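Supplied in structure tokens, the structure appears directly below.
All values reported here derive from a predicted model rather than from experimental measurement.
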Amino acid sequence: KPLYKELLYTIAHKMGKPSTTTEVFTDSQFHEYIKEVNTPRLYSYCNPHVHYCPPVYCLMATVKEAKGILGKDVSGFSDPYCMLTILEDKDANRTHQSRAKPCKSVVKDAVPNDRIYQTDIKKQTLNPIWNQTFILEFGAVTGASFHLEMCKAAQHLALFRMIKEAKKEKGKDDFLGNIILKLQDLHCTEDNWYNLEPRTETYPDRGQCHLNLKFIHKAVKKNNSVTLPGLHIVYHLYIKHLLKNMHSSDNTSALCGEAQTLLELYATQNNLSPFLQDLAKWVAYSKVYQSLEVDSSVLFQQLTSIEYHWHQQELPYQQKQELGDSLHGFLQYGLCLVAKYRDIFPPTPTATPKLHTLLRILVQICKTRAFQKLNPAQFDLHDEVGDAIQTGTQEWFTIKKGLHQPMTKVKTVCKPSHSSCCYRGLLELTNFHESFREALPYWLNQAFSTTQDRVERAVQVDQLHPLQSGTAPIKHSSSAVDLVACIQPICHLWEQLSWPDPEEAFMIMVKITEDVCKIVVNYCHILKQRVRVLSDNCDPGSAINMLCVVVNDLEHLRSVLTKLPTQLNWAGLRDRTQNVIGESQFHNTLPSQLQQAQKTLRREISSALDTLGKKVCIMSTSLTKTDDFYLLLTPLWNNSVKILYQVATQHPQQEGLMVYCQRLLYTLQVGPGLCAKYLNNKTTYAHLTFNSLSSQELVQKFFQRKTKEQHTYSGEKYGAVTLLTSYRRSDQRLRVEVLNAVNLLPMDSNGLSDPFVQLCLEPNHIFPEVELRCTQIKSCDLNPLFDEAFEFLVSLDQCQSEGACLVITVLDHDTLKTDDFEGEAFLSLKDIPGISGGKEGEGLSSQLDITPAQIRLPLMHPKPNEDSILRLLESRKGEREAQAFVKKRRQREKQSQEGI
């Protein structure tokens, strides 16, 4: 009950916008969320409408440094200092009414001296560094504003004070610039560079000042709760969150937006450092692990954070005691689980990895400096695990014996299993690594801040124009190149570092990946601000071009992030840590950070593209004629069709290409869009039409192509065959007489052949019931005379179908092996007398005396792997008839002598 009162107090007196989530929640939403995750009885005790004693609202302002300020002394430097205060509405009104003429100092005239805070004076510099923190009290956020004035201290300050007391006019400090921020526009925490604004336009560029602002509560609540248990409130919500989503499809370990915002508000109001927040997360998560089955990767992440923050802040005694108890308690809990591993972790594919993960966590706890500092007693994990296994084995045997199960107790020497031997101790490093270990966290922090500053400066000078490299344009801007150049040294140094301890190397990699992802996300935000500033001062066309460059920058950055695992050699690190870091832990730590950054990039790219679409819509409403708008869209549309064509031809062997092309072609032909007269891309339409055909239509196209090739084929390289053909419509009979063949290739060892002729009507789906016909075999003859007639009972509609043809194949008969291929010819049925002309039933009287036509067809050999139709049919793996047809034609290509 007191903990939830603490939550309601935090909601009632919240200040600032949340920075962890983009969504803003109202008080009623917070109350509904608390009511949802708790029992109605508990919520009824904590009435949200009860008014508690309000705190003192404060703004904790840290003046870090400044750069590029004005030089007011004759030496070209200044002696700067800052004055800070908060002006509320009544102070501002009193100032305007009391001032008779403009005054140089707004801060001094507006509020009493006890509400003005002043930094130290830094001598002779244009880039002063203060790092001083002040706590400024105020009444309400609404109407209040933060004021900072930077001034140059007057020389000979004592003398000027005497003159000032005498004349009340000379000796005032020179004004360098000011910063005014409305409190209601600030986030809970702000850490930014702010421009120093001038009073006049004489010197507009007055430099920047780096401020860290945080809303806090100065007074402690009535229940006098300690900060760490207060954070446990929010992570109690985490337990409720896991219980709620345990059996749902959205089973994620991340807190929802309301809980994240509540955590940030509480931590900010109580001025909790990141170290204290990570400490509270560990305590809460470790308790959750002991009661629920949750993903243990969050425990590993919090241990890593505690290890990196341990040197940065000295914990109070109570927090040290709680952290030590939590680490020691989790170790004891883990050893209890290890002792009962036969029951809790049976030898199954799902339970064994959990045992390995638990042992990894126990090892990591023992290796942290926090545990070594807070538990000075000697603790040998190897021995403790061995003792736990021995004790658990004895208890397990006693239970089994008591249940009268057939058991044989064998005298064994207790040896820890492979799972329990994971604790190998710290590796002995070289003197260099031992000396560098303490400095490594400082280097990582310095590298992060330096890279962040370089990226900010790169965006500030970026004009968002695409770079040029000779004749080939580079479509992203200079800041994207600078960002990649900033990331490369980090990757190169990691490769040279080659840290020997695998677990410590993994923690370093987690920190590097986290910092790179933070830099990328921050780059997205400042790039959006940059394009907003530049587009306000240019024409619409230039603004659209800038948006396109921003999209290209983000796409280029996304490709760089995709290569990051390769550049940092995650695969090598995974091989080194496979015996100490579980597969699930490795995957849930490093790739998840990268996926979150890529998700942010995709969201920003979608936002930019949505803005581009809105600008195009604005242009469509601005043009008076529809045709003018179509002409405007024509290049964009043609480029889109070109891209679709490239996608369609990029993977021609993939399944589903036919359906894709059919739908795309239908969309282009009958869907809403531009008229046909505005489109000029015949190649794309031809490709889509070709790939949209069904397999049967493609077979018909194949035989159409073969009959056309037969018409244009000249020479009798492989011989020729002579036919006499006709068609009688009265009885629907197709008559084919095979007269002879000449100049056949010798296929036998005696220099002769044993030829015969096959007649087949194709395609098979048009003539499904027509059987293959063969002539007699003519032994030892290269110019055989057959003189045999065959009749096919087929309808006129079948003969007039697209691609319908007679395939003549000449083969050499072999008794003990497959018949050899002499050649083939294709005769279109439309070229046979009696078929071309009217449809069936028309003009029967004129078809009675059809004269058969004699035709001499040269034999051909197919060219291997040159037919695009066969390649397309071959890609359709799921169609049995298409695969059978391709297999038959491929067999002919193997027998062909065209490629020899």
So, does S606 use its side chain to make a donor-acceptor pair with the main chain of R602 at under 3.5 Å? yes
Return yes when atom CD of Q758 has more than 12 non-hydrogen atoms of other residues, nucleotides or ligands closer than 6.0 Å, and no otherwise.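 Counting neighbours around CD of Q758, more than 12 heavy atoms of other residues, nucleotides or ligands fall under 6.0 Å, so yes.
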Minimal non-hydrogen separation, K830 against S836, with atom names: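 Nearest pair, atom of K830 first, then S836: O-CB, 3.4 Å.
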Let me confirm one number: the CG-CZ distance from L561 to R558, rounded to the nearest 0.5 Å.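 L561 CG to R558 CZ: 10.0 Å, rounded to 0.5 Å.
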Would F885 and F702 count as a ring pair (Phe, Tyr, Trp, His ring centres under 6.0 Å) if you check the C-alpha gap in whole Å, the side-chain angles of each, and the deciding distance to 0.1 Å? CA-CA 11 Å; F885 177 77; F702 173 82; 5.4 Å; yes
With a cut-off of 6.0 Å (strictly less than), are more than 12 heavy atoms of other residues, nucleotides or ligands near CD of Q776?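 Open: at most 12 neighbouring heavy atoms sit under 6.0 Å from CD of Q776.
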Is it the case that over 12 heavy atoms from other parts of the model lie below 6.0 angstrom from the NZ atom of K528?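 At most 12 heavy atoms, drawn from other residues, nucleotides or ligands, come within 6.0 Å of this atom.
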Closest non-hydrogen atom pair between P755 and P784, with its separation: CG-CG, 3.6 Å
Looking at R773 and E771, does any basic side-chain N land under 4.0 Å from a carboxylate oxygen? no
Hey, mind stepping through L806 and C760 against side chain to side chain contact (heavy atoms under 4.5 Å, CB included) and telling me if it holds? CA-CA 6 Å; L806 175 67; C760 180; 5.9 Å; no
For D553 and A480, which heavy atoms make the closest approach, and how far apart are they? OD1-CB, 3.6 Å
Intermediate values then yes/no, side chain to side chain contact (heavy atoms under 4.5 Å, CB included), R705 and S868: CA-CA 11 Å; R705 185 179 295 179; S868 59; 3.5 Å; yes
Whether the R871 and N865 side chains hold a donor-acceptor pair (N or O, under 3.5 Å, no angle test) is what I'd like checked.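 No - no donor-acceptor pair under 3.5 Å links their side chains.
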Who pairs with Y718 by ring pair (Phe, Tyr, Trp, His ring centres under 6.0 Å), at least two apart in sequence or on another chain?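 Y718: ring pair (Phe, Tyr, Trp, His ring centres under 6.0 Å) contacts with H861.
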For a 4.5 angstrom cut-off between non-hydrogen side-chain atoms, does L527 reach E604? no
Are side-chain N/O atoms of R892 and Q895 paired as donor and acceptor at under 3.5 Å?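 A pair is found: one side chain offers a donor N or O, the other an acceptor, under 3.5 Å apart.
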Can you tell me if NE2 on H492 sees more than 12 non-hydrogen neighbours from other groups inside 6.0 Å?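 For H492, atom NE2 is not crowded (no more than 12 foreign heavy atoms under 6.0 Å).
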With rounding to the nearest 0.5 angstrom, report the CG to NE2 distance, L483 to H556.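 Atom-to-atom, L483:CG and H556:NE2 are 8.5 Å apart.
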Can you tell me how far apart CG (L829) and CD (E762) are? Round to the nearest 0.5 Å.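 Between atom CG of L829 and atom CD of E762 there are 10.5 Å.
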Can you confirm whether S753 sits close enough to L745 that some side-chain heavy atom of one is under 4.5 Å from a side-chain heavy atom of the other?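 A side-chain contact is absent here, since even the closest heavy-atom pair is not under 4.5 Å.
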Of all the heavy-atom pairs spanning L811 and E822, show the shortest one and how long it is. C-CG, 4.0 Å
For the student: nearest non-hydrogen atoms of G834 and R729, plus distance: O-NE, 2.9 Å
Can you see whether F586 has R574 sitting over its ring - NZ or CZ less than 6.0 Å from the centre and within 45° of the normal? yes
Any non-hydrogen side-chain atom of C524 less than 4.5 Å from a side-chain atom of R603? no
